[in-house]
Each structure stands twice: as C-alpha cells, then as structure tokens.
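The structure appears right after this line, and notes come after that.
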2 protein chains.
Amino acid sequence: MPRPRQSDIAKLAGVSQATVSVVLGGNRSGLRMAERTRLRVLAAAEQLGYVPDPVATRLASRHNSLLGVYTFKRTFPTNVADSYYPILVGVEEEAAALGQDLVLFTGARDHDAAELRRTRIADGCLFFGRHVPADAVAPLVADGFPLVYIGRRDEPGIPYVGADYVTASAAVVRRLVGLGHREIRYLREPDEAPSSADRERGVLDAAREAGLDVGVVRTDGPAPVRRWVEQGVTAVVVEETDTSAAYLSVRRAVEQAGLSVPHDLSLAVLGQPPDEDPAVTGFQVPRYEMGRAAVRLLVDLVTGVVTPDSPQAHRLLPCTPVPGRSVGAPNTANRQGT
Amino acid sequence: MPRPRQSDIAKLAGVSQATVSVVLGGNRSGLRMAERTRLRVLAAAEQLGYVPDPVATRLASRHNSLLGVYTFKRTFPTNVADSYYPILVGVEEEAAALGQDLVLFTGARDHDAAELRRTRIADGCLFFGRHVPADAVAPLVADGFPLVYIGRRDEPGIPYVGADYVTASAAVVRRLVGLGHREIRYLREPDEAPSSADRERGVLDAAREAGLDVGVVRTDGPAPVRRWVEQGVTAVVVEETDTSAAYLSVRRAVEQAGLSVPHDLSLAVLGQPPDEDPAVTGFQVPRYEMGRAAVRLLVDLVTGVVTPDSPQAHRLLPCTPVPGRSVGAPNTANRQGT
DNA sequence: CTGAAAGCGCTTACAG
DNA sequence: CTGAAAGCGCTTACAG
C-alpha cells in the first residue's frame, strides 16, 4: 500500500485536495473554515497516517523542516575525538528543540557545485570544514539559499557562527606578557584559513600592545624548541587546529630536548590540546554552543527573521580561558645562562 | 537573473522541454535521437549555465535518495564510546558509496506511531536500539515501507541485520569446556531482548552439548562471585550489553573478592568490554560491517531487489573471537580447597 | 466557506 | 526521430 496523499485524505473527508492542504498547513493565510471540516480533515489524515512529502512540499513552496548538514569530511568521524564532533551534538540538540530534522549530505568526493547543489532539498544548510570551496558555494549564495558556515568566513554576505579567536589568542599572549615574558615565539601551521588568521592577529595585536616583537614561525616540520630556548625564548605559543600538528610537534620537541614545562619554558596553546589536557594553558572553543547557535541562525535565515548580510548573521562566540599549569614566570637563570 | 530551466534550453535549442530532459538525462531509455540535436541541446545548456533542480528531479523520479536513520537515543551520542557509534560510521560510508543521503530522526520524545511516521519522508529507514516498540513500527511494516532493524528481531517479515550471538557465545563456552571447566556460571542482565536471548541460547547449547548444567543467573545487582568460587565454580561468562552493567558488576566483585584472573577464576565476556580491553576473553561484534550491510539491504528493499520476507532480508553477521588472557585452565587446587 | 485551476521543474510514457 | 501530454505531491492564488 502506497503512502497516503492529500488527495486520499480529501476523498475520505469529502473535501478537495486544496482544502486538505490548507488545513494541514495550519491555515496560514487565515481562511475562514468550518471547524467541523477542519476536524474531519485532521481525523482523516490521522486515520490514514498521512505524512507530507518533503520533496513535493519543497517544490511547491519552500519549507519542509529539513536542515542540511554538509561536511567536507565524514560526518561520523572515525576519530571520535574529532574537533567538530561536539558541534554536531549541539546541532542535533538544537534541531530537535526546534522541530527540525537533519539531512546529512555525505559521500561527496569532489565538493563541486553539482555536489553542493544536492543540499537544496533542505530548507537551508550548515557547512562544516576548515576549507570550504567558496566558488562552489557561490551559486547557492547567489540564489539566496539559506546557509550558515561553522567558522568565520571572509566573504561578505555569508552568514557564519565562529569562535572569537582574536580575543582569546590575545588574552593568552597578554597573560604571558603579564608574567614577565619578553621573548615569545608563535608557532603556526602553514595552512591558511580564517581561524588561523584570527589567531595570528590576536597574537600580534597583543604583542604590539606590549611593544614586543613575537616571532611568527610557520612550519609543518619539527619545532626547533631547543634552539629557541638557547636563544633566550621563554615562552612558546602554539596554534591548535583540527589536526593538532603544530601542538604535537612542539610537545615532541620539548620532550626530546628534555625541557621542563613551565620551568624551562612556558607553553600555551591557542585552543585545547587533542587529549583535552586541562594542565595545558589555552582556551576552550565553544563548539557545542556554536552548533546550537548555527542551527538557530539557520532557522532565522530560513524564516526570513534575519537577512544574510545583517550583523546577526555573523556571530563570533567567546572562548573560555583554560588557565592550565604549563605557563609560569620566565626562568631568569635559564635566560642568563645562554 | 533567475536560474535557467529546461524550458529555457528548449527555447534556445529549438526543441521541446521533454527532449531537453531526455538529452540531459543521458537518454537512459535509449531513444533514437539525432546527434546534431543532442549536441545543440548540450551547447544551449552549457551556454545558459543550466543546473538541474534536485527537488524537481526527485519529485518526478519518485524516489528521494534519502534514507532515514531512527535512533531511540541521541544520534550523536554524548558518550562517543557508545556501542552503536561504529555502526553509524558504517551506515554513513555505505550510504555515501550508494549515493544516498541520510535523514536523522531525532528529537527523543515518545516513540509512538505518530513519531515513527515521520520516517516516511525517506525512501526507507534504519532502526537502532535494543528495544524497538514493535506495535509502533507495525503500521509502517504493514504499509510495505522499507525498513531494516539493526539487530535480530523475532517478528517475522521484518528485515534485520544483526550479529550471530548464538554461534559466538557457544564458541566461548566450548572454549572453557575444552580447557577443562565443568562448573560454569552465566551472568546476564534481567533485561529481555533478542540479542540477550541469542547469547543465552548459545551458552545453553554449548553446555548441553558438553553434558553440563551451566547455571544462568539473572541480576542487576552485585555478582556473588566469591560465593561461586567457594562453591567450586571455575569460570564465569558474562553478558555484554550497551550498558555493560553485568560485566562491570562482575569485575567489581572479582576485585573486591581479591580474586586473580584467570588463576582463581576464568572470566569471559559475550561481547567486548566497554574499554575494549583485548586482554578480556570474548568476541567482537562486527558493528561497522553491520552498518554497511544494513544500508545495502535497505537500498535493496527500496529498489525491490529483495523482499522483506526473503532470507536475504534477515542477516546475521559472524563475530570475531577475542582470545584474551582472562581465561585459562581451571585451578584444581582451588576446587579441592573448598 | 470550499472547489477548481495553475504551477513549482522535472521524468516518463505515448503519440505521431 | 521529436513533440505534446500527463503526472510526481504539494501550495497558492482565484473563483464561486
């Protein structure tokens, strides 16, 4: 037995299919309608177990309580400690709270325009990933398809929910400066992304503020921590991305050099280390809240409450500082010894 | 400028809209068609930058390429070590491979018929969970809606992909018997489910085969391990469910009794302990493969390749034995000492 | 108050 | 070979 259509309900209730549509749609246009008729239609729908076809609904109007989730990696990460997993949890909870179902767009090999187009069966779509091919997304944006990026974007008119890395990163450097550090290195991965640019900007802002010249080192190789210490460096700040490459590199180098943290060297991470070690000084990215906020924004975009270029469509959530124990006052003895 | 549609291409190429559809669809039905016409249409489409509307395509072609995933818990578990997480990974990968998108039905309310009915927006649906309210699912089954349970079901005509707990559990007991154990206890949780029944059956089958009377103990309280050992029990087999209640209870009891495993007592788990400790004797449930197989089966059901009551619609996947080190020969000294 | 009609952008028979 | 038509299941004007 095929699933029931509105026409089936209409037949059963003795009304027209259009009337069924009006009733089931909650009579948004405020048509006058006999209560009896309304109840009769509702009862028939219940009896038949009616469920609207999302595709037809979407074609005829533009609303099916379906939100897309497009990830540029697997949605269910094999590595469950994956950095965007908590975001997904927030997304799911908020979607559930707002009565929206989620469509996972996965299996995308080339993330080209044709691939991204599939998202249009949803009312709007969330995009995940450090790198999102802007040109592939452009057609969607141009057509006014509601979408929200997780993570800040440079492109104007593109809504996003990100983390305020500038402020959080600056705070980390200010703390080091406050402890007396003057020779600080910032190690970041060569990979370019808005979130990386923001962290670097925060570091440089705080350095300039203190009249310091923090050396920014880009590398995907081993970190020359030992040499830095010999040169008088007392603190190292490390970028944290979803691969943790830079942080892991520094941690290894520190171990191999036999350095004691924070005695010989203060170490801070711009984010949280992969094992979420609270002993490491850094900050927490509000991933869960980002997920929730992104869904709320997307729904507001879909319903037209918010427009893509309004300020509300560009949100940066504050990060929570993690004091840790990997940062201390600079070891003057060390410094003089070099 | 609005997006071009097939009718725009048709106008430009001087053909009908239907012809455009045929050409762009790759002429699946193998209609005869002038190559010149084909090229003209293609050129026009290219010139206008045509992009098919996925919603209209799906409506017209009568299938959504949408597979439902209905979980009776959160889809993105807060506890990422959750036992069905690997299944989800398999589901996602196979869905991706088959070009199917996934709709997550969440919202965790009462799982009644009305709630489950929402799944019908998908072409078919996967159901997760130890307990699935059979009566709520019945209407879907009756309507011929394609669905697949994860885990064996008793209800005839309901497709499932589960694990072969009978065989795997029997193998565990046979191994103990082979090592010389004669006094064996089986501890299981009181909770009833097909997967629990299968494990118990495997245990009892192997026991009968060996002419032994394995005592089956149902409890959700502390396990009286110490007393068992005093009574001459040399091996304990424990059920493993998604809560791990029984296993954790036994482990605690063994520790408190100061027993040494496997010296004083052999310990085997019918599954894998929560921390996936390979030192514990048991077996691995092929969760990842179950996820993949379930999606394949669901797609076959949707396309009609397989019918719900055929043997192929009821699959039990083999579990992989985990030898472990928690099982050894019975300690005769202990036995005599009591 | 309710029905008939048009149309969303496609696919798929079915006539020529 | 190609066009005209019907129809996928809905929503939204527009007549009564």
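Keep in mind it's a predicted model, so treat the numbers as computed, not measured. What's counted below: heavy atoms across the whole structure, side chains too, no hydrogens, waters or symmetry copies. Convention: sequence-line order gives letters A, B, ...; per-chain numbering from 1.
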With the side chain counted from C-beta on, respond yes when E93(B) and V89(B) share a heavy-atom pair under 4.5 Å apart, and no when they do not. yes

For A13(B), the side-chain contact (heavy atoms from CB on, under 4.5 Å) test, sequence neighbours excluded, returns V15(B), R40(B), V41(B), A44(B)

5'-most contact on DNA chain C: A56(B) or T19(B), nearest heavy atom basis? A56(B)

Residues, nucleotides or ligands: over 12 heavy atoms within 6.0 Å of E35(A) CD: yes

A34(B) near the nucleic acid: base, sugar-phosphate alone, or nothing, with a heavy-atom cut-off under 4.0 Å? sugar-phosphate

Closest-nucleotide 5' rank along DNA chain C - winner of L59(B) and A18(B): L59(B)

Partners of Y149(A) by ring pair (Phe, Tyr, Trp, His ring centres under 6.0 Å), sequence neighbours excluded? F127(A)

Rounded to the nearest 0.5 angstrom, the OG-NZ distance for S16(A) and K11(A) is 13.0 Å

By the 4.0 Å heavy-atom rule, please label S7(A) as base, sugar-phosphate, or nothing. nothing

Under 3.5 Å donor-acceptor, D123(B) side chain and L67(B) backbone: no

From the 5' end of DNA chain C to its 3' end, which nucleotides mark the outer limits of contact with chain B, defined by a 4.0 Å heavy-atom distance cut-off (strictly under)? dG9(C) to dT12(C)

By ring pair (Phe, Tyr, Trp, His ring centres under 6.0 Å) - contacts of Y160(B) (at least two apart): H314(B)

Quick one: on DNA chain D, does S21(A) or S16(B) contact a more 5' nucleotide (nearest heavy atom)? S16(B)

Test of understanding: with side-chain contact (heavy atoms from CB on, under 4.5 Å), list the residues that count as partners of S310(B), not counting sequence neighbours. V306(B), T307(B), Q312(B), A313(B)

Paired runs of 3 or more consecutive Watson-Crick or G-U pairs involving DNA chain C, with both pairing distances under 3.5 Å, are C:1-3 with D:14-16, C:5-12 with D:5-12, C:14-16 with D:1-3

Select from R38(B) and L24(A) the residue whose nearest nucleotide in DNA chain D is closer to the 5' end of that strand. R38(B)

